[in-house]
Structure formats: structure tokens, C-alpha cells
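Owing to the predicted nature of the structure, the values given are computational and were not obtained by experimental measurement. In this chain, numbering begins with 1 at the start of the sequence shown.
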Amino acid sequence: MTGPAPVDRTAPHQVPAGRPVARERFWALPQARHWLLVGVLLCAAVIALGLAVQLIPGEARTELGVDQDLSQHHAAALTAVAMAINFVFGPVAGLALVGVAALYIWLVRRDLIKAVGFGLVACSGWVASEAFKLIIARQRPNPALLFDPLAPETGSNSFPSGHVSFAVALAFALYFLARGTRWSKLIAVAGIAMALIVAWSRVYVGVHYPTDVAASFLAASAAVVLVAGLWNRFAPPIVDRLPAAVFLHSRQR
């Protein structure tokens, strides 16, 4: 009889079956070098701006003047665009939009991990905006003071704008999908334009102050930076534990 074969402790670690396939399929997101610090600083900037606009005397009146001026110069074509944006980038339609895109990536492009990552990044803007709304609790512009309120809203959820935060996060998510392809620059430019147009529309409609939409860019960027860092740190071990069968149809495509 022979004893057990000696263990070669210099040999590379053997990964359980299924893990190499999973690792090949992992979709890493672009990550800031000091992502946690950057994310925290961006969050701090949003809170500082929110507290400043709440505490500076006359700030709300000054910004309300911008909303009032736009309210007196509504044009039919611009109003149609603004109201369409009001619906498309709202929570219901926006969530449906992200869901359809994620399902397409999963079922048509055959990439479950990329679909999940896309969905998390795209929705992170909304989540961040809701958190900051609770902290700052700024009142929306009073629709009674507007010449032509297009979508009257009231409440202490003005800062920052959820629509703009969603648009910014969606722009990041789309760029991450296109990264490394010939479409990356076009998608980046289109994403920036989309976010700026949505920002304009929220002031044009009269439901946000200019600083609300400006803060949304910071809030969504903070969310994306933190989500990317957390995804790259914690998602790979989870992916490694998934059965290889989940990824084989993607590999064979």
C-alpha cells in the first residue's frame, strides 16, 4: 500500500469548479483610486450646499426669481419637451426604463452580471436623492407664486432633484456599458447633454430651484462612485459562488 500523495504547497490554489467561468464573466466598473474618500467628500459637498441654501437669508427668494422668470416665458414646444421629461424620468417610467434595459442586457446580450451592475448604477441616483431629501428637507418653490405652474408640487423634497439625479446616474451607467467601444465618446456626450436638459426642465417646470438641480450632479456622482467601489469590492466573491451554469450560455454566445 502506498500512503497519500504528498501535497505540493507551491502549486497554485485550485478554484472550485464553476468559479473560473464566473470570474471571466465579472464586469468591473471604473473606480476612483480613493473611491470611499471621494464618495464621502461628494456627499459632504451636497449636504453643505443644502444647509447653505437653507440658512442664507434671501437665497430662496433669489432663486425663486429664476423660476418665476421662466414661468412667464413658456413656449409650447419647450413645454412639451419639459413635460415629456417630467414623465420619462419620473420614478415609475424611469424604473421601467431601467428594468427593460437590464432585461435586454440579460436575456438578449446574455450577460446577467452586466445587467445587475447596470441596474444598480442607474438606480443609485434616485436612492441618493431620496436620502439627501430627508436630510435637507427643503420646501419646493410655491406654485402659487409662479405665473404658469406646469406641474404643481409641494413638500419638503426639493433638494436635490430626483429626476436629475436619475438622469446623471443613467448617463454613467450607459457610458460604462459603452466603455471601450467606438460609441463611448458619443454616449458620454449624449449622457451629459441628457442630464443638462433634464436639469433645465426641472427649473422650467417650476418644481425645483437652480441649486437643487446643481446639487443633483454631485449627489448622483457620489452615488456612482460609492456603488462602483462597493461593486468591485464585494461583487466578485458573490459571483464566484454562483453556479457555472448561470454563465455558460453567456460564454458560448
Side-chain angles (χ1 to χ4, degrees), residues 46 50 53 60-104 119 121-134 136-175 186-221 223:
V46 175
V53 297
R61 288 195 301 272
T62 301
E63 292 196 84
L64 180 61
V66 177
D67 292 68
Q68 290 174 325
D69 184 63
L70 286 174
S71 183
Q72 295 181 59
H73 298 87
H74 287 163
L78 294 178
T79 298
V81 171
M83 295 308 294
I85 289 173
N86 182 60
F87 172 75
V88 172
F89 288 86
V92 176
L95 183 60
L97 183 67
V98 172
V100 170
L103 285 174
Y104 173 82
V121 172
C123 292
S124 65
W126 269 112
V127 175
S129 71
E130 291 302 313
F132 288 119
K133 285 176 188 289
L134 293 174
I136 304 302
R138 187 187 195 186
Q139 293 293 324
R140 288 184 181 270
N142 187 347
L145 301 178
L146 300 177
F147 178 77
D148 181 24
L150 297 174
E153 291 188 42
T154 58
S156 58
N157 59 344
S158 187
F159 185 100
S161 165
H163 284 64
V164 180
S165 297
F166 170 62
V168 173
L170 179 61
F172 272 109
L174 292 173
Y175 172 73
L186 177 62
I187 295 297
V189 173
I192 294 172
M194 174 183 68
L196 291 174
I197 291 172
V198 174
W200 157 82
S201 75
R202 303 313 287 160
V203 181
Y204 180 89
V205 170
V207 293
H208 284 289
Y209 296 105
T211 48
D212 295 342
V213 300
S216 302
F217 286 84
L218 297 174
S221 296

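The CG atom of Leu78 sits 4.5 Å away from the CH2 atom of Trp200 when rounded to the nearest 0.5 Å. Separation of atoms CD1 (Ile187) and CZ (Phe172) is listed at 14.5 Å; rounding is to 0.5 Å. The structure places CG of Asn86 at 9.0 Å from CG of Leu150, a figure rounded to the nearest 0.5 Å. To the nearest 0.5 Å, atom NZ of residue Lys133 and atom OG of residue Ser158 are 6.5 Å apart. Put simply, CG on Leu146 and CG on Leu64 are 6.5 Å apart, with the number rounded to the nearest 0.5 Å.
Here Val98 pairs with Phe118, Ala122, Cys123, Phe166 under the side chain to side chain contact (heavy atoms under 4.5 Å, CB included) rule; sequence neighbours left out. Residues forming a side-chain hydrogen bond (donor to acceptor under 3.5 Å, both in side chains) with Tyr209 (at least two apart in sequence, or on another chain): none.
Side-chain atoms of Ser216 come within 3.5 Å of backbone atoms of Ser161 as a donor-acceptor pair (strictly under, hydrogens ignored). Counting only distance, with no hydrogens or angles, the side chain of His208 and the backbone of Pro160 share no donor-acceptor pair below 3.5 Å. Between the side chain of Glu63 and the backbone N or O of Thr211 there is at least one donor-acceptor pair closer than 3.5 Å. In this structure a side-chain-to-backbone donor-acceptor pair under 3.5 Å is missing from Ser71 to Gln68. Distance alone, capped at 3.5 Å, is enough to place a donor-acceptor pair between the His74 side chain and the Tyr204 backbone.
Summarising the geometry of Met83 relative to Ala151, their closest heavy-atom pair is CE-CB, 4.2 Å, with the distance given to 0.1 Å. Contact detail for Gly162 and Ser129: the closest heavy-atom pair is CA-OG, 3.5 Å. Counting all heavy atoms, side chain and backbone alike, Pro141 lies closest to Asp67 at CG-OD2, 4.0 Å. What you find for Ala195 and Val168 is that their closest heavy atoms are CB-CG2, 3.9 Å. The shortest non-hydrogen separation linking Ala199 to Phe217 is CB-CE1, 4.0 Å. Taking both residues in full, the closest heavy atoms of Ile85 and Ser201 are given as CG2-OG, 3.3 Å, listed atom of the first, atom of the second, then distance.
Inter-residue side-chain proximity for Val92 and Phe87 is flagged as unmet; no heavy-atom pair is nearer than 4.5 Å. Side-chain contact check for Ile197 versus Phe89: every heavy-atom pair is 4.5 Å or farther apart. Counting heavy atoms from C-beta on, the side chains of Leu170 and Leu97 come closer than 4.5 Å. At a threshold of 4.5 Å between non-hydrogen side-chain atoms, the residues Arg202 and Val207 count as touching.
A donor and an acceptor atom, one from each side chain of Asn157 and Arg138, are nowhere located under 3.5 Å apart.
You'll find the ring centres of Phe147 and His73 outside the 6.0 Å limit.
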List the steps, then state whether side-chain contact (heavy atoms from CB on, under 4.5 Å) holds for Phe159 with Arg140. CA-CA 8 Å; Phe159 185 100; Arg140 288 184 181 270; over 6 Å; no

